[in-house]
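Computed from a predicted model, the values in this text were never measured in an experiment.
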Amino acid sequence: MAQDTTKTVSQQKEIDAVYIHKKTESREIKEEPFNVNVVETKQYFNSTLDVNQLLTRTTGIRVREDGGLGSNFNFSLNGFSGKSLKFFLDGIPMDNFGSSFSLNNFPANMAERIEVYKGVVPVSLGADALGGAINIVTRRNLNYMDVSYSVGSFNTHKAGLNGAYTNEKTGLAIRFNGFYNYSDNNYSVNVEPIRGNIKLPEQEVKRFHDGYSSLGGQVEVGVRDKPFADQLFVGILAGQNDKDIQTGVVMDQVFGAMTQSSNSIIPTLKYKKDNLFVDGLDFNLYAAYNSTRNHFVDTVGLTYNWLQETTPRSGGSERQRTQLRQRDGESLMTANLAYALHQDHRLSLNYVLTDFKRKSSDVEQPNNVAYTMPQRLQKQNLGLGLDSRFGALRTNVFAKYYGLYAESFENISQTQTPEYAEIATDQGNIGYGLAGTYFLLPHMQIKASYEHAYRLPEPLELLGDGLFSIRNETLTPEKSDNINIGGLYAFTINQAHNFQTEANFIYRNSTDYIRQEQGRNQPTGRKFINVGDVRTTGFEGEIRYNWKNRIFSSVNLSYQNIIDKTEFTTGGNLSGETTQPNLNYGYKVPNIPYLFGNFDVGLQLPKVGGKGGAANIQYRLNFIEEYYLTPEQLGANNPDMIPRQFAHSILADYSIGQGKYNIAVECHNLTDSRLFDNYRMQKPGRSFSVKIRYFIQK
């Protein structure tokens with residue numbers, strides 16, 4: 001009898017040993033029908049990397065910078081760049097948050113993960129993205145503190161502060177994020193200095209007027225887990241930066257006194273409630289008002305060269321005498337309503353309204369009539385989507401409305417004396433698409449998507465920046481037909497060797513493609529123009545390997561063939577007009593890399609230095625094939641080539657106290673290679689940095 005009882009108890013123990021495997025948020029996102037990559041940031045919390053530097057390791061992404069810390073950059077994803085891509089912070093559009101809140105200012109340990117949508121963008125994000133979107137998801141820890149500081153080459157300093165406090169009884173919560181960045185950016189470059197009208201032999205010099213500092217933060221106070229709201233927060237984002245301007249759009253343009261600065265204040269409101277009024281009805285609301293002030297100063301009447309030699313210049317400026325002030329204001333509201341029609345069918349409705357206005361003034365040109373002209377851009381996006389599951393098949397069908405209203409002005413003078421007239425544009429477009437994914441096996445997934453999308457011009461493109469980007473009131477919306485086909489497969493060998501593979505094919509056929517014009521000798525700046533028809537085909541693939549969570553490695557490669565398919569150039573007013581044959585027809589669009597990749601290998605060493613200690617070391621390689629700076633039809637001996645590049649980096653960190661105390665050392669561009677980006681602008685050489693970090697969590 002006792003034996004039978006023992007057997008029964010043993011059997012009961014076996015029955016009670018139930019293992020629950022819950023999918024991570026990242027895994028759930030990867031299983032969506034959209035072509036999406038998820039960048040986990042936790043392993044980089046000890047590094048000095050910013051969000052841009054993390055993303056440039058992702059397939060299909062190139063972040064091309066004009067220089068060092070704080071420099072202007074061009075973000076490219078699958079051939080789309082600039083404003084064709086949309087950026088979000090916790091699902092909130094960041095279009096006009098100001099230069100302080102750009103991706104190269106956000107430290108890696110500010111984010112929990114980064115979602116990279118390629119091609120089709122979910123209705124829930126609600127934006128006029130043409131080629132994809134980046135969504136930075138900030139950390140969701142309820143109670144924690146994360147403080148870090150780093151120092152590196154070129155007198156570079158970075159500090160970060162992130163934390164949250166939540167009273168579980170009352171639901172009262174406070175969340176905060178902050179960062180500070182500074183660098184002299186006085187790295188060496190190889191140039192041919194110009195003395196008078198003579199170009200001297202190439203030599204190595206240091207950048208001498210390229211300092212940058214930025215300070216930004218976000219504080220939110222509110223309640224959570226209440227009957228009336230799952231989350232209700234009011235907050236404020238505030239940021240400020242100061243930047244010396246060393247070069248123009250090419251290295252031959254050198255400045256020694258020109259500066260610009262910016263500051264932003266953005267009050268915010270967030271509200272979230274699931275099961276609003278009825279079960280299955282979820283509601284999200286975000287509202288903000290962005291007030292940004294930009295200031296450009298050029299009041300020194302000298303011409304500089306790379307040897308810091310100066311010659312007097314008429315007009316009392318280096319370029320065009322100005323103390324331009326721009327006061328930008330933008331109202332933003334985004335609302336998302338989702339309803340579960342059935343356990344396998346979910347309907348989503350999203351609405352986004354942005355209303356941007358600019359006022360300009362300049363004490364150097366107090367009577368400039370252009371500053372009295374309207375500068376406004378209002379956009380509305382409405383999206384409706386249905387997400388459905390049919391066994392192993394999941395689909396998402398959607399439609400989007402894009403509304404644009406703009407007020408600007410044009411020069412109607414037939415003489416050299418400008419005469420301006422107000423103009424307005426009011427138009428709407430309808431986009432649509434379908435995305436689907438099917439699981440052939442539990443760990444083998446195929447995806448396909450199609451979208452007919454529009455992308456509306458942004459304030460910078462339409463109104464310029466008053467310095468290096470010229471106003472172009474004739475810009476029209478981009479439109480594109482996008483196709484993505486891909487697959488993912490994960491498998492394990494001998495329970496120790498874990499592999500993940502992913503491959504994608506992309507096709508983009510874009511009309512009225514917007515990019516910055518390519519002319520080299522334009523001292524007054526470059527316009528954003530509609531190229532016309534651009535066709536992109538490409539492939540990308542990645543393989544990841546992990547051995548017992550000790551050794552990890554990945555390799556990815558991206559190829560994109562971006563061809564100008566416009567037979568005739570167009571211009572004039574918003575309706576456009578044919579002017580002349582396009583000499584670049586059938587050739588690659590210049591100044592865009594077409595083949596690039598990354599290789600990483602790392603070693604994780606737990607329990608180093610005793611209990612609670614751990615160490616990591618990682619080697620990273622970035623490769624870019626040579627590409628044309630100017631149109632390739634100039635011939636095989638075209639000197640305007642950006643050469644093949646290899647960038648090597650080593651990162652190592654050590655932690656004790658179960659991750660409470662951390663120190664990291666890094667070396668970037670280990671071989672001190674010459675690295676280039678936009679318009680052959682030379683990037684920093686070899687650099688070193690050290691970072692200390694303190695982390696506690698309740």
Sub-4.5 Å side-chain heavy-atom contact between K30 and L488 = yes

key: Passing option when S214 is tested against N105, N241, D242, N104 for side chain to side chain donor-acceptor pair (under 3.5 Å)   = N105

query = Ion pair present between D387 and R394, side-chain N to carboxylate O less than 4.0 angstrom?
reply = yes

inquiry  = I want to check a possible cation-pi pair here: K42 against Y44, using under 6.0 Å from ring centre and within 45° of the ring axis as the test.
reply    = no

ask   = Are side-chain heavy atoms of L77 and V116 found at a separation under 4.5 Å?
value = yes

message = I want to know whether F390 and H345 have ring centres closer than 6.0 Å.
response = yes

ask   = Does some side-chain heavy atom of Y402 sit less than 4.5 Å from a side-chain heavy atom of K379?
value = no

key: K226, NZ atom: more than 12 neighbouring heavy atoms under 6.0 Å   = yes

query = Within a strict 4.5 Å, meaning less than it, do heavy atoms of the V39 and R57 side chains meet?
reply = no

Side-chain heavy-atom pair E112, T138 within 4.5 angstrom cut-off = no

task = Report the relative orientation of the aromatic rings in Y144 and F695; use parallel for angles under 30°, tilted for 30 to 60°, perpendicular for over 60°.
result = tilted

request  = Please identify each residue that fulfils salt bridge (charged side-chain N to carboxylate O under 4.0 Å, His left out) with E220, with sequence neighbours left out.
outcome  = R175, K270

query = Does N504 reach the side chain of E502, with side-chain heavy atoms less than 4.5 Å apart?
reply = yes

query = Taking the side chain as C-beta and beyond, is there a heavy-atom pair between L404 and P457 under 4.5 Å?
reply = yes

task = Give a yes-or-no answer on whether the side chains of Q697 and N143 include a donor-acceptor pair shorter than 3.5 Å.
result = no

Any Y286 side-chain heavy atom under 4.5 Å of T268 side chain = yes

key: Sub-6.0 Å ring centroid separation between H452 and Y450   = no

